[in-house]
Amino acid sequence: MIIRRARFTWTEQARPSADHANEMRLGVGASGGAYSWLNFALPFDAADKATVLSATLRAYVKGTWTGSGVMTAKRADGEWGPHDTWQTKPPVTGGGADSTGTALTDGSERVFNSTAMLQAVADGADWYGFRLERAGTPLVFLHSPDSDLRPTLEITFATRPEEPTGMSPSGGRSVSVGKPVLRWDAFADADADAMGALRVQIDPAKNEAAPAFDSGWLTATETELDLTTTAYAGLANGSATWWRPRNRDASGQESPWGEWAQFRRDNKGAVAITNPAAAPNNFVSESTPPLSAVLSGEVQTGRRVLIVDAADPTIEYYDSDRVKTAATALTPPRRVIDDNGKLYRLIWRVFDSKDREATPGDPPYTEAARDFTFNESATVDPVTNLLADPLSPRPWMRLTWNRATAPDAFTVKRDGKVIESGIAPADVLVAGTGYRFDDRDPDPNKEHDWVVQAVVNGVTSSGNPSVTNQAPVRGIWLHDRERDLEVFLADGFASTFGDGETGEWLDTLGGRSVRITQALRGPEGTVTDAVLLDVPRIGTARSWETQLRKMRARPDRPVRVAYGSESYRVMLAEVKIGGRPVGPSTNKTVSFEFRAA
Amino acid sequence: MLPSGLSAADVRVLEATLRTSHEIRASAALLNLDGEVLRPLTLLDGQVDVDATATPTRSASVELLDPPDLGPHRMLRLSYGIRCPFGWFDTPVFTGVFGDPERRGRALSVQAFGKESLVSTPVFAPVTLPRRMRTDHAISVLLREHAGETRLDLPDMPQRLGRDVSLAREDPIWPVVKRLARDAGRQVFYNARGWAKARRVPGNVQWVFRDGEQATLTSVPSDVIHAEDAVNVVKVIGGVPKGAKRPVRGRADAPAGHRFSARKLGRGDPLVPRYLPLILDRDNILTVGEANDLAERELRDGLRRPQDAAFDALPNPLLEELDLVRVASDDLMVTIRLQRFSLRLRPAAISVGAHKVLTR
């Protein structure tokens with residue numbers, strides 16, 4: 001370990017009250033009439049009971065001089081600070097260490113073997129730093145700790161490793177395997193030694209003298225023992241036992257034993273996913289299928305269900321989070337399963353009534369997974385005569401179609417994604433076999449493909465017709481579908497649109513900047529000076545204002561904003577209505593901020 | 001540090017991730033008083049404060065969206081996740097009971113307090129723990145049978161009570177639990193998972209806050225000394241061994257050169273040493289060797305106790321109260337026990353040594 005920072009000053013007999021604080025040089029020599037003082041922060045104190053294996057002080061000549069180059073380092077025996085002078089300097093104690101090297105040319109190195117001095121400090125002597133002196137003339141200088149060729153102190157020392165802590169598993173908690181991976185806090189020796197070996201004892205009665213299992217010393221670099229790699233017989237289901245670890249550092253010093261820690265073995269139950277079925281029937285035929293799984297052998301107290309991309313499981317489509325429930329079925333929300341033929345992975349985690357501890361390879365839950373696809377079926381007749389007509393000037397699209405018999409439900413997809421499912425035929429029936437659905441959320445001024453599917457007995461039709469169209473729009477449309485509110489804002493405004501991010505740059509002392517990101521938000525921005533304008537046969541500026549005020553009154557409700565070629569579900573904020581009248585009319589201007597809902 | 005459940009290799013990966021740019025997530029869950037997760041909550045913002053000198057040691061300030069009933073029959077768990085190369089790693093950073101909520105529209109601001117709150121009320125039914133009862137059993141009886149606690153993480157504590165321990169109706173349980181654990185040389189606290197955990201205060205450095213290439217420090221650390229917390233001499237009075245007339249004794253003194261030694265703190269001429277003693281009665285210790293070992297161990301901790309540092313750093317959600325950490329910078333190299341720190345549940349530095357109001 002090399003210590004590069006030190007407090008320092010120098011004192012000279014010729015000017016006994018001179019203050020040399022913070023100079024870029026350290027004076028030494030003048031026939032013993034100038035001393036340099038260096039105090040390094042030591043990596044141990046007397047309480048560490050360290051053995052100093054070596055300690056080397058290095059200093060460097062500043063400038064070129066003549067005379068004897070031999071210098072001596074001694075241990076200061078009193079407090080001093082950068083403003084101390086010859087008159088206030090402390091004494092020294094103990095034997096000194098002469099330097100090697102005699103050259104007095106710029107940059108030449110002086111090396112002092114300080115091992116004995118620092119061992120004395122490790123043994124309890126006071127530490128106030130070094131005093132450097134030189135018997136020869138004239139006054140010469142060394143580089144100070146503020147310069148590039150600063151003095152350094154290199155120390156190698158040994159301490160006994162501390163008792164291991166942080167054992168896992170512990171606390172009497174359960175694991176489900178007979179030979180778990182045992183872990184404890186990472187090895188961190190005060191003397192910076194690497195870990196050399198570990199030893200583990202296991203005994204149900206904490207028998208120290210003759211434990212049921214003693215690993216003996218095993219070469220190791222990590223505080224971890226996988227019991228499957230040992231001769232340990234394994235813990236029987238339903239039994240408990242105690243264990244304790246011990247570390248040894250690379251130099252052979254052994255720590256005390258850690259405390260005995262207890263764990264149990266309780267086998268987990270088995271989770272069987274019942275829907276989707278196993279291959280080859282591992283598919284669902286509707287976008288919100290009733291997924292299910294059962295646990296046997298234990299009592300379910302909670303569960304967590306995930307649906308991920310089977311090809312890239314880091315892509316999560318759904319996460320139920322952990323909930324307390326004994327239920328065995330779950331219906332995922334809409335828009336999770338909607339890609340025909342895509343391979344999804346259902347991950348079903350069940351928590352039981354045991355207090356389980358996670359250990360490597362043995363999580364505290366039981367898990368089952370099944371890959372499945374969403375398949376349409378030719379056994380259900382598709383719809384016919386699908387048409388898409390823009391509802392200009394609104395940015396909406398009206399879909400119409402026919403089906404000879406009413407199915408259980410319709411599903412509407414836009415660009416391959418389900419936008420509405422479980423639509424009761426009666427809700428969209430026009431007359432006879434004709435149906436109608438208004439898509440109020442498409443991106444305007446952009447082509448989309450729509451598909452309407454029929455669902456009968458949980459099976460979705462295949463061979464469904466598709467239709468392509470776009471909804472032209474000008475200005476901005478705000479729309480709250482649930483409350484049937486809409487607002488038109490005319491062109492000629494200023495706006496900023498962009499994606500937001502929740503993150504922070506943290507600048508470390510090492511000069512690195514570290515970015516911590518919490519969320520990549522959706523679109524957000526501002527609109528200023530948009531105008532409330534009459535739209536013939538649709539609405540007046542006054543009606544838009546009334547509806548906008550209703551939106552403003554509920555800042556907690558999301559609205560849809562359609563503008564340019566984008567349509568976003570957003571929260572509105574800072575909605576300001578009024579400002580200046582525009583021209584001779586009484587039309588008002590509107591400004592607002594929005595963020596993705 | 002809170003055990004992660006990860007393999008050593010994955011722990012290294014996690015630690016490397018924490019030192020570099022990374023992605024985090026924070027979540028909240030509603031628990032019943034037995035610690036079972038009932039449902040997730042929508043967390044808007046939050047902060048966890050840890051103060052090893054306070055009761056409870058952990059508290060949290062959170063803002064929740066549209067939460068359900070958060071009465072005294074429910075608890076809060078906060079988790080902090082880091083996206084690592086092996087996937088998301090989520091760890092609890094707080095489990096405790098709700099304080100008084102304040103609603104602002106759909107958002108609700110509420111403070112929550114560590115589970116010590118549940119065991120700091122009067123025991124009401126008087127309890128007497130008999131002399132010679134094992135410490136782990138005594139703590140278990142108090143917490144399990146008289147406070148309904150089911151989440152206990154107790155090591156083997158064979159030390160036996162030196163005398164009867166009685167709690168009157170108005171006596172709270174937690175101070176007695178802490179005293180029993182302390183007498184057995186253990187720290188007891190409710191950890192982030194909501195378990196009552198007893199442990200020997202770690203002597204290993206758990207985490208290094210450093211500058212330079214692998215820097216995690218984001219502010220220049222300041223050296224803080226609480227000299228009044230120092231212990232420079234420990235005396236252990238043990239039990240009386242069979243056949244002996246006097247109890248065994250052990251003693252450890254700070255080395256004279258130590259900055260907190262009785263000599264260094266002394267004054268006068270001739271010098272009068274200033275002792276900052278810790279005297280421990282341990283009836284269960286029957287050999288001088290054991291007594292001296294305990295005295296040495298307590299002394300080492302007593303000498304570290306006054307040394308503190310204040311700084312900001314890249315967050316590590318696994319840190320626990322009284323963990324031993326090292327600050328290694330150009331300006332300060334010191335090993336300290338984590339007494340106070342604040343962890344924000346948003347991208348922000350961890351604040352060590354003082355509580356900062358980090359939330360909005």
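Letters A, B, ... mirror the listed sequences (proteins, then strands); counts begin at 1. Values below: all heavy atoms of this structure, side chains included; hydrogens, waters and symmetry mates excluded.
Side chains of A:T517 and B:P347 form no contact here, defined as non-hydrogen atoms less than 4.5 Å apart. No side-chain heavy atom of B:R199 sits less than 4.5 Å from a side-chain heavy atom of A:T165. Annotation: side chain of A:E222 is not in contact with side chain of B:V11 (no heavy-atom distance under 4.5 Å).
Residues A:E504 and B:R344 are not paired through a salt bridge, judged by the lack of any N-O separation under 4.0 Å between the basic side chain and the carboxylate. A salt bridge is defined here as a Lys NZ or Arg NE, NH1 or NH2 lying under 4.0 Å from an Asp or Glu carboxylate O, and A:D126 with B:R263 meets this definition.
Remark: A:R356 pairs with A:D352 by the side-chain hydrogen bond (donor to acceptor under 3.5 Å, both in side chains) rule, at least two apart or across chains.
Separating the CG atom in A:D355 from the CG atom in B:L152 is a distance of 9.5 Å, to the nearest 0.5 Å. Expressed to the nearest 0.5 Å, how far CD of A:E259 lies from CG of B:D156 amounts to 8.0 Å. Of the inter-residue distances, the one linking B:L38 atom CG with A:T325 atom OG1 reads 11.0 Å to the nearest 0.5 angstrom. Distance check: A:I516 CD1 to B:I82 CD1 gives 9.5 Å after rounding to the nearest 0.5 Å. Separation of atoms CD (A:E316) and CH2 (B:W88) is listed at 9.0 Å; rounding is to 0.5 Å.
Contact tally against chain B (heavy-atom pairs below 4.5 Å) for A:L509, A:T221, A:V514, A:V181: the top residue is A:L509. Chain A forms the most heavy-atom pairs under 4.5 Å with one residue out of B:S7, B:P202, B:G35, B:S329, and that residue is B:S7. Heavy-atom pairs under 4.5 Å with chain B were tallied for A:E357, A:R183, A:R4, A:M167; the largest tally goes to A:R183. Ranking A:L520, A:V323, A:T502 against chain B, the residue ahead of the rest is A:V323, based on heavy-atom pairs under 4.5 Å.
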Using distance only, find each side-chain donor-acceptor pair of residues 14-26 of chain B under 3.5 Å and give its atom names and separation, not counting sequence neighbours.
residue, atom, partner, partner atom, Å
B:E15, OE1, B:R12, NH1, 3.4
B:T17, OG1, B:V13, O, 2.8
B:R19, NE, B:Q214, OE1, 3.3
B:T20, OG1, B:A16, O, 3.1
B:T20, OG1, B:T17, O, 3.3
B:S21, OG, A:R515, N, 2.9
B:H22, ND1, B:T17, O, 3.1
B:H22, ND1, B:T20, O, 2.6
B:E23, OE1, B:R83, NE, 2.9
B:R25, NE, B:D90, OD1, 3.0
B:R25, NH2, B:D90, OD2, 2.6

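The part of A:R173 that comes within reach of chain B is its side chain, from C-beta onward, which places non-hydrogen atoms under 4.5 angstrom from that chain. Both the backbone and the side chain of A:Q518 come within less than 4.5 Å of a heavy atom in chain B.
Looking at every heavy atom in both residues, B:L314 comes nearest to A:R512 through CD1-NH2, 4.5 Å.
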